Each structure stands twice: as C-alpha cells, then as structure tokens.
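What you are looking at is a predicted structure, and each value in this text was computed from that prediction instead of being measured. Convention: sequence-line order gives letters A, B, ...; per-chain numbering from 1.
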2 protein chains.
Amino acid sequence: MSRKRNLEGDAKSRILEISARLFAEHGFNAISVRDITSEAGVNIGAVNYYFQSKEQLFHEIFETLLRPLQRERIALLDQIEAEAVDASPDPERILRALIEPTIRSSVGKDALSPYLPRLMFQTYAVARQSIGDDVAVENDAVATRFIKALARAIPHVSYEDICWRYYMVLGGFLLVCTDAQGAQRLERLSDGRCDTNDGPRIIEQMIAFFLSGITGPAPSKPRRRAAKALPVNVPSADPAPTPPARRRRSNPDPSPQ
Amino acid sequence: MSRKRNLEGDAKSRILEISARLFAEHGFNAISVRDITSEAGVNIGAVNYYFQSKEQLFHEIFETLLRPLQRERIALLDQIEAEAVDASPDPERILRALIEPTIRSSVGKDALSPYLPRLMFQTYAVARQSIGDDVAVENDAVATRFIKALARAIPHVSYEDICWRYYMVLGGFLLVCTDAQGAQRLERLSDGRCDTNDGPRIIEQMIAFFLSGITGPAPSKPRRRAAKALPVNVPSADPAPTPPARRRRSNPDPSPQ
DNA sequence: GTCTATAATTGGATAGAC
DNA sequence: GTCTATCCAATTATAGAC
C-alpha cells in the first residue's frame, strides 16, 4: 500500500520475480523460502503471508506466465486457420505461432517471461505436480490443437509422425531457449558462434530446422538399417533383425503431470 | 562379500540401481538418502558407508552410466571417419552413432541405462554440478567431435548452423527418450499412437526428423519474415525491423557445469 | 559388514509484537 | 503490512554397538 518501496515494486511482486528466477535456475527443491526472502529483501514470513506456501507460490508463477502465453499462441493459430478455411494452412506460420510468442516475450518488458521456458523444461525433467491441474489441461489442449493444425498443414506426413515430430520440436525448442539461463553449453560448444540471447536469430534457426524436419520424408519402417548405411559392428553386437524388445522393469505409477 | 544377498545383488549395487531410478524420476534434491535406503532395503547408514555422501553417489551414477556410452559413441564415430578418409562421411551414420547407443543400451541388459537420458536431461534443467569435472570435459569433447564430423558431412551448412542444429537434435532426443519415465505426455497427446518404449521406432523417427532438419536449407538471414508468411499482428505488435535487443538483467555467475 | 542412535543443521510454516 | 522469534519436522552425516 504505502509508497515506501514503490520504486522496486511491492513485496509481493518482488517475491514473484526473484523466486521465478531462482526456481528457474536451480529447481524447486533446491531453493528455500529463506533464499527467496533474503534475496528479495523481505522478511522470512512474507512468502507464506502472500502465497500461503512455497508450493502455492510455485503454482502462481506458472499461472502468471503460462496462461497469457498460451492465449497468445491460440490467438495466432485462430487467425491462421481463419485465413485458410479452404486451403491448407502454412506449416511455417503454425510453427511461428508456437515459437515466436515465447521468444518475443523474453525480450524486455516484464522481467519474468525469460524464465518460463526453463521452468517448463523442469516440468518435464522431474515427476512433480509443478502446475495446477487446470493449467495442465489447458496445456494439453493447446498442444493438441497445434498437432492437429500441423497435421492438416502437412498432409503427406501421417498423424502419428506429426506427433513424434511435434515432440522433437518441443524438445529442441526448450533446450535452446533454456541454455542462456543455465549451462550456456551451446555458446561454449560453438566457440561463441551461437548467441543464445539473440531472439530473432534463435527464431530463424528454429524455423529453418523444424520446418525441414517436420515436412521431411517418413522414417523407413522398422526394417532396420535400410538404405545407405553400412553395417556397424560394436562391442555389444547388433544383429540385423533385433526384435522390438520391451524395456523398463518397474514404474509403478508415473505421475501424469 | 558373504553370499547372503547375492540374488538381489549386494548392497552397494542395489543402492546404485535404486537411486539411479529415484533421482531420474524426481531429481536429486527431491530424494533423500532415507528414500533410497528404505526402498533398497538397506540401513540408513549404507549410502554414506559405500559412497561417502549423497553427492558422491550421484556423481558415481554418472560415472557408471555415461562414460561407457560416450566411449561407444566415439568408437562408432572413429569407424565412420576411418571409412571415409577421402569422401565426406554419411550424416545419417553420424546421427545413428549419436543416438543408437543410448536407445540400444536402454533395452534389457543392465537396469540402470534407461535412466541416463533423464539424468542428463536434469543436468540441463538445473544449475548444479551433477557430474564431475572430468566427465564434463570428456562430454564436451565428444559433442565437439560430433559437431565437427557433421560439419564435414554436410558442407553446404555453415559451422554455426550445424552447432544450432546439433543442439536442437540434442533437445528433441532427450525429451523423447525422457518421456517414458516421466510425464508420458507424448503417448497422451498422440492418443496412444506413439509408443515411447519402442526403441527401434524411436530411432527411426528421430533419424528421419533430424536428418531432414540438419541437412535442410539455411535460415533466412535476420531480415525477418521473408518468404511466404503473411504479417501476423498480435496484441504486442511486432514492427518489421525489430532490433536484436538485449535481454536478461541479472545472471551473476551461471555455473558452467 | 550391518545396524541403531544421535548429532548438527536446515527446512517450511506460524504466532505475535510493532 | 512488516518483521522477529520460534516451533517442529526432516535432512545429512557420524559414532559406536553388534
């Protein structure tokens, strides 16, 4: 209320901002409420006062960041589909609708957005109810809409293949977006050639790669090692007709997140 | 020593196995040594007795799993390059050398391998020294060798672009491999069409997508929105010549991992 | 080698003064 | 609204009996 700390923002939004960064960098379990409150310059009780619990604070971060992004994506997709009622939509525009809002919201403006990809990345990395049930449902709905749009845009690729490829897009997308706040491994591996802070460049790199990949020819059916490759023999041999083979012995009830 | 628990494996390897699974599923910080020892059916002190600390145990898991895998990859790559001294190597075989050892080691045999991709995934997700310095160095060396091999195999793609694309390959690869032990989101989104436990199928899907993507045409240079796409107008407008724009305010010293 | 008991620290959350 | 002091549960790690 008072105007005391109006310059820096009130305590609540300071906590939101600082904790988003700390959680994104180190993960939920690695950060204590003491880490947050001390770095935010507020007292220890503030997190519980404003957000009831550390868990609730985490949920609220996703609410704040993810929902608007998903709505922007859907708005773009709506527009694309509205303009292509008769013809099939342009796959590049669909990919851009998926990717660009994330990158764009990462430059300037509000200070939290850059951390969303990394927080999402962690959602896949650990089995933990990071986001509320409702947000998770909305999330899947958005993904399904994009998959269906891509399937219509690229009719020569089967629906199943589109699903695989959508997921590979997602993985590449998240890893690249995530690298700047974390390992910075791409800059290192490329000897500084790849600047993971250059939003427009990231976008064009992704679009080029994903568009080629997602529209490319279908995989050779599971007769293995078809066309060109010579047989590779390695220590653990790999006789030609390896059967599908089940894997993973125990996985009682994987939290569906 | 004694033959008491020889059937189940001795205490040390039981701990290694159980903890690899628990860490992979929930992350390092979410798992306590009590979780491990109780699930492994050993006493609470066993982790510290065999591994000195929880941290050391974690490092040892990577040692055990990652080193042999990297060696197998390098052996395959050596062979490919040896056979192509004059001609340029086959990009598909290089991608297979990168991908197949992981998938192959995930079926049957030893019980730990399936968890490696997920553990690696977490390495990217949180800023934490998951793996020892020496393993990290070897890791980067392997990546660099693959990047250089791909650059030679695909001469019409610039070295910088190869780096971006290698990293996107890595991201898609990890997310897909990771999904079976975790969110199982791909199976859900695809309505059961995609079976993330079917190793050979995963391989062929990846090879097809990555090969098209990595050999595809270069991205349009940062004159944005070049060829086909119509201008998209969204709430937060996007005037044509958006400058690069710096981002991220504070990131004191990101652990280079 | 295996186990129990316990040390020493740190975690999330709350009560109550101001 | 803000802050301090504090409770209580859970953590890693160790000491020492068997």
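Geometric assessment of A:R185 against the ring of B:Y124 yields a negative cation-pi assignment under the 6.0 Å and 45° thresholds.
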Give me the distances for all protein-to-nucleotides 10-13 of chain D N/O pairs that come in under 3.5 Å?
residue	atom	partner	partner atom	Å
D:dT12	OP1	B:V33	N	3.3
D:dT12	OP1	B:K54	NZ	3.3
D:dT12	OP2	B:V33	N	3.1
D:dT12	O4	B:R34	NH1	3.4
D:dA13	OP2	B:K54	N	3.0

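When distances are taken from the side chain of A:N43 to each of C:dG1, D:dT4, C:dC3, the shortest belongs to D:dT4.
Sorted by first then second residue, the ring pair (Phe, Tyr, Trp, His ring centres under 6.0 Å) pairs that include residues 165-185 of chain A, not counting sequence neighbours, number zero.
Aromatic pair B:F23/B:F58: centroids less than 6.0 angstrom apart.
When rounded to the nearest whole Å, the span between CD of A:Q56 and P of C:dG12 equals 15 Å. Between the OH atom of B:Y50 and the C1' atom of C:dT2 there is a distance of 8 Å, rounded to whole Å.
Partners of A:D133 under the salt bridge (charged side-chain N to carboxylate O under 4.0 Å, His left out) rule, at least two apart in sequence or in another chain, do not exist in this structure.
Between A:Y49 and A:G45, it is A:Y49 whose nearest contact on DNA chain D lies nearer the 5' terminus.
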Can you check salt bridge (Lys or Arg N to Asp or Glu O under 4.0 Å) on B:E72 and B:R104, steps first, answer last? CA-CA 11 Å; B:E72 192 180 346; B:R104 242 191 272 117; 3.3 Å; yes
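When side chains are defined from C-beta on, A:W164 does not count as touching B:M206, because their heavy atoms never get closer than 4.5 Å.
Counting any heavy atom pair closer than 4.0 Å across all strands shown, A:F51 reaches no nucleic acid atom.
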